[in-house]
Amino acid sequence: MKIRKLCEPLFMAAALSIPAAALASGPDTDWRQMGFSAKGDRFNKHETVLNAGNVAGLSVAWSAETGDVIRSSPASANGIVYAGSWDGKLYALDEATGAVKWVADAPGIRNSSPAIADGRVFVASYYGVLYAFQIADGKPAWTAKLGRYEGASPTVANDTVYVTSAGKLYAFDAKSGALKWRVRTGGTQSPAVANGVVYVGGKGTLRGLDAATGAVIWRREAPVISAPAYSNGALYAVYLMPTNEYGVYAAEAATGKELWHSPFGGFSQSGVAVANGLVYAGSFDGNLYTFDAKTGASKWNFNAGTEIDDTPAVANGVVYVASTEDGVLYALDAASGSSLWSAPATNTFMFSPPSVVNGRVFVGSDNHKLYSFALDGGNRAGGINSR
């Protein structure tokens with residue numbers, strides 16, 4: 001494990017001290033799971049440090065090297081950031097400095113993003129295992145068996161871990177690991193949870209399930225292929241029609257009834273982010289597409305020049321998204337799509353959805369590194385990144 005000082009000209013920036021109070025961590029500002037909250041909308045509405053007026057001052061504060069590519073979304077809580085690597089290890093790092101707190105063995109975790117709750121950090125394995133580690137020291141708390149060869153990012157709500165694997169949705173007690181219920185859905189994407197209901201897609205359907213029992217509340221035919229996101233009584237996801245048309249699909253959360261669907265160009269592996277009445281999704285054609293959440297009307301597109309495979313994140317009027325092939329992280333005005341900032345190209349694949357928390361942006365890369373961006377590199381004084 002290497003923590004690297006970013007002193008090359010590519011990432012040079014003058015140091016600027018950020019008040020500690022501005023970076024204070026808490027349950028509302030922490031990015032605890034793939035979708036930010038169990039709703040899966042990837043919208044941190046409590047971020048106050050970064051905004052459209054100052055985000056141009058972002059630069060690399062630190063980078064941490066792991067043993068393989070990082071394609072999951074980092075999670076952060078209480079000053080610690082967690083990232084899984086294809087080397088089969090989960091890394092816990094100091095949010096401010098990148099110093100290693102602990103490293104835990106979790107073979108096969110690959111694209112599963114960690115989730116944090118109840119003093120545990122959870123991550124699912126491609127080999128069909130759900131891992132729970134103690135956040136204090138990384139020691140195993142419990143493991144649970146899933147279906148083989150799949151393991152989506154877990155979603156945590158109300159002391160329960162929800163995870164899909166091999167076409168089934170599982171619900172485990174977060175503290176003990178006891179199985180609460182299991183339902184076949186046919187899907188492999190992460191669920192969203194809101195108001196006592198679990199929403200999940202699979203095999204051309206969208207379902208609403210009772211979060212406590214797994215009982216089906218409603219089931220609708222729907223061509224969704226990404227994890228659903230809940231916002232203001234509606235569900236949003238990327239869809240794929242039999243005609244190979246891709247776009248964004250919206251459904252009523254209470255019934256699953258379709259509200260609208262709007263096509264966009266190109267193939268898509270992106271999920272959606274939803275914030276302030278807008279829905280964002282990326283495409284292989286290099287565009288980040290934006291739609292009105294109520295009507296599906298197209299609002300604006302941003303073209304990154306290379307495909308966008310990862311899911312965007314939104315915080316305080318800024319949308320963050322990475323272009324895949326050249327590994328560039330962008331910050332865009334969330335309302336207009338105008339470019340506010342971009343990081344220097346890493347010239348390697350970047351599939352990791354970024355997370356935004358406490359004035360920092362975290363993103364992983366195929367060059368085996370986890371990057372932390374902060375305003376002018378953050379407060380380097382006295383830390384391992386001091387110059």
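The shown structure was predicted, so the numbers you read here are calculated from the model rather than taken from an experiment. Along the sequence shown, residues are numbered consecutively beginning with 1.
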- Hey, does Met34 have a side-chain heavy atom less than 4.5 Å from the side chain of Thr311? yes
- Message: Looking at every heavy atom in both Pro223 and Met241, which two are closest together, and how far apart are they?
- Response: CG-SD, 3.9 Å
- Report yes if some heavy atom in the side chain of Pro191 is under 4.5 Å from a heavy atom in the side chain of Leu169; otherwise report no. yes
- Message: Ring-plane angle category for Phe362 and Trp62, please: parallel below 30°, perpendicular beyond 60°, tilted otherwise.
- Response: tilted
- Task: For Ala345 and Asp326, work out which heavy atoms get closest and say how close.
- Result: CB-O, 3.7 Å
- Task: Take Tyr239 and Tyr246, measure what ring pair (Phe, Tyr, Trp, His ring centres under 6.0 Å) needs, and give me the verdict at the end.
- Result: CA-CA 6 Å; Tyr239 73 80; Tyr246 288 81; 7.9 Å; no
- Item | Ring-ring centroid check Tyr170 Tyr162, cutoff 6.0 Å | no
- Are any side-chain N or O atoms of Glu47 and backbone N or O atoms of Gly359, one a donor and one an acceptor, separated by less than 3.5 Å? yes
- Message: To the nearest 0.5 Å, what is the distance between CG on Asp366 and OG1 on Thr348?
- Response: 5.0 Å
- Task: Scan Asp68, Asn111, Thr66 and name whichever one has a side-chain hydrogen bond (donor to acceptor under 3.5 Å, both in side chains) with Trp86.
- Result: Asn111
- Message: Is it the case that the side chains of Arg207 and Thr205 hold a donor-acceptor pair, with the cut-off being a distance below 3.5 Å and no angle test?
- Response: yes
- Query: Does Ala211 offer a backbone N or O that forms a donor-acceptor pair with the side chain of Trp181 under 3.5 Å?
  - Reply: yes
- Could you verify whether a donor N or O on one side chain and an acceptor N or O on the other, from Ser352 and Arg71, lie under 3.5 Å apart? no
- What residue among Pro154, Ser125, Ser72, Ser165 forms side-chain contact (heavy atoms from CB on, under 4.5 Å) with Ser112? Pro154
- Item | Atom pair NZ (Lys101) and CG (Asp94), whose distance is rounded to the nearest 0.5 Å | 5.0 Å
- Message: Checking the side chain of Ser283 only, and the main-chain atoms of Gly265 only, is there a donor and an acceptor separated by less than 3.5 Å?
- Response: yes
- In this structure, CG of Asp159 is separated from NZ of Lys175 (nearest 0.5 Å) by 5.0 Å
- Is any side-chain heavy atom of Leu90 less than 4.5 Å from a side-chain heavy atom of Trp102? yes
- Item | Student check: side-chain heavy atoms of Leu50 and Asn316 closer than 4.5 Å | no
- Item | Residues, nucleotides or ligands: over 12 heavy atoms within 6.0 Å of Asn158 CG | no
- Task: Would you check if there is a donor-acceptor pair between the side chains of Thr346 and Asn367 at a distance under 3.5 Å?
- Result: no
- Trace of the side chain to side chain contact (heavy atoms under 4.5 Å, CB included) decision for Val314 with Tyr280: CA-CA 9 Å; Val314 186; Tyr280 308 86; 3.8 Å; yes
- Hphob cluster co-occupancy, Tyr126 + Val129, side-chain heavy atoms under 4.5 angstrom: no
- Could you tell me whether Asp87 and Lys89 make a salt bridge, using a distance below 4.0 angstrom between a side-chain N and a carboxylate O? no
- Do the side chains of Trp142 and Phe172 get nearer than 4.5 Å, heavy atoms only? yes
- Item | Side chains of Lys180 and Thr160, donor plus acceptor under 3.5 Å | yes
- Nearest-0.5 Å distance, CG of residue Leu288 to OH of residue Tyr320: 14.0 Å
- Message: If you count heavy atoms of other groups shown closer than 6.0 angstrom to NZ of Lys145, is the number above 12?
- Response: yes
- Query: Under 6.0 Å between the ring centres of Trp341 and Phe373?
  - Reply: yes
- Task: Could you state whether Tyr236 and Tyr199 fall into the same hydrophobic cluster, counting links through intermediate Ile, Leu, Val, Met, Phe, Trp or Tyr residues with side-chain heavy atoms under 4.5 angstrom apart?
- Result: no
- Task: Please examine the side chains of Asn301 and Thr290, heavy atoms only from C-beta on, and report whether any two atoms are closer than 4.5 Å.
- Result: no
- Return the minimal non-hydrogen interatomic distance between Ser268 and Gly282, and the atom names on each side. OG-O, 2.7 Å
- Can you establish whether the number of heavy atoms outside Asn232 located under 6.0 Å from its atom CG is more than 12? no
- Any donor-acceptor N or O pair under 3.5 Å, side chains Ser76, Glu95: yes
- Query: With a 4.5 Å heavy-atom cut-off, do Leu370 and Leu93 have their side chains touching?
  - Reply: yes
- Message: Between Phe291 and Trp300 (judged by ring centroids, cut-off 6.0 Å), do the two rings come close enough to count as a pair?
- Response: no
- Give a yes or no on whether Val318 and Val328 share a hydrophobic cluster (residues Ile, Leu, Val, Met, Phe, Trp, Tyr; joining criterion: side-chain heavy atoms under 4.5 Å apart). no
- Message: If I take atom OG from residue Ser113 and atom OH from residue Tyr82, how far apart are they, to the nearest 0.5 angstrom?
- Response: 15.0 Å
- Task: Check the angle between the aromatic planes of Phe264 and Tyr289 and answer parallel, tilted or perpendicular using the 30° and 60° thresholds.
- Result: parallel
- Item | Check: Gln189 side chain, Ile225 main-chain N or O, donor-acceptor pair, under 3.5 Å | yes
- Item | Distance-minimising heavy-atom pair for Thr306 and Ser323 | OG1-CB, 3.3 Å
- Query: Between Pro107 and Tyr131, which heavy-atom pair has the shortest distance, and what is it?
  - Reply: CD-OH, 3.2 Å
- Message: Angle between ring planes, Phe284 versus Phe267, binned at 30° and 60°: parallel, tilted or perpendicular?
- Response: perpendicular
- Query: What are the two closest heavy atoms between Ala335 and Leu278, and how far apart are they?
  - Reply: CA-CD1, 4.3 Å
- Message: Could you go through Ile116 and Ile135, starting from their C-alpha distance and side-chain angles, then the distance that decides it, and tell me whether this counts as side chain to side chain contact (heavy atoms under 4.5 Å, CB included)?
- Response: CA-CA 8 Å; Ile116 307 159; Ile135 61 172; 4.3 Å; yes
- Query: How far apart are the C-alpha atoms of His261 and Glu245, what are their side-chain angles, what is the distance that settles it, and do they pass the side chain to side chain contact (heavy atoms under 4.5 Å, CB included) test?
  - Reply: CA-CA 11 Å; His261 70 273; Glu245 174 188 282; 4.1 Å; yes
- Message: Nearest 0.5 Å, please: how far is NZ in Lys39 from CD in Gln33?
- Response: 12.0 Å
- Task: Test Ile70 against His368 for side chain to side chain contact (heavy atoms under 4.5 Å, CB included), laying out the working first.
- Result: CA-CA 6 Å; Ile70 301 173; His368 304 186; over 6 Å; no
- Task: Measure the acute angle between the ring planes of Phe36 and Trp31, then classify it against the limits of 30° and 60° as parallel, tilted or perpendicular.
- Result: perpendicular
- Task: With side-chain hydrogen bond (donor to acceptor under 3.5 Å, both in side chains) as the test, would you mind laying out the steps for Asn358 and Thr29 before giving the verdict?
- Result: CA-CA 7 Å; Asn358 302 321; Thr29 60; 3.0 Å; yes
- Query: When you look at Asp30 and Arg32, which way does the salt bridge (charged side-chain N to carboxylate O under 4.0 Å, His left out) test go after all the steps?
  - Reply: CA-CA 6 Å; Asp30 288 337; Arg32 295 177 177 268; 3.3 Å; yes
- Among the clusters formed by ILVMFWY side chains lying less than 4.5 Å apart, do Val272 and Val200 turn up in the same one? no
- Message: Hydrophobic clustering (ILVMFWY, side-chain heavy atoms < 4.5 Å, transitive) - are Ile308 and Tyr330 grouped together?
- Response: yes
- Task: May I ask you to decide if Glu307's main-chain N or O and Thr324's side chain share a donor-acceptor pair within less than 3.5 Å?
- Result: yes
- Less than 4.5 Å apart, any side-chain heavy atom of Leu206 and any of Trp218? yes
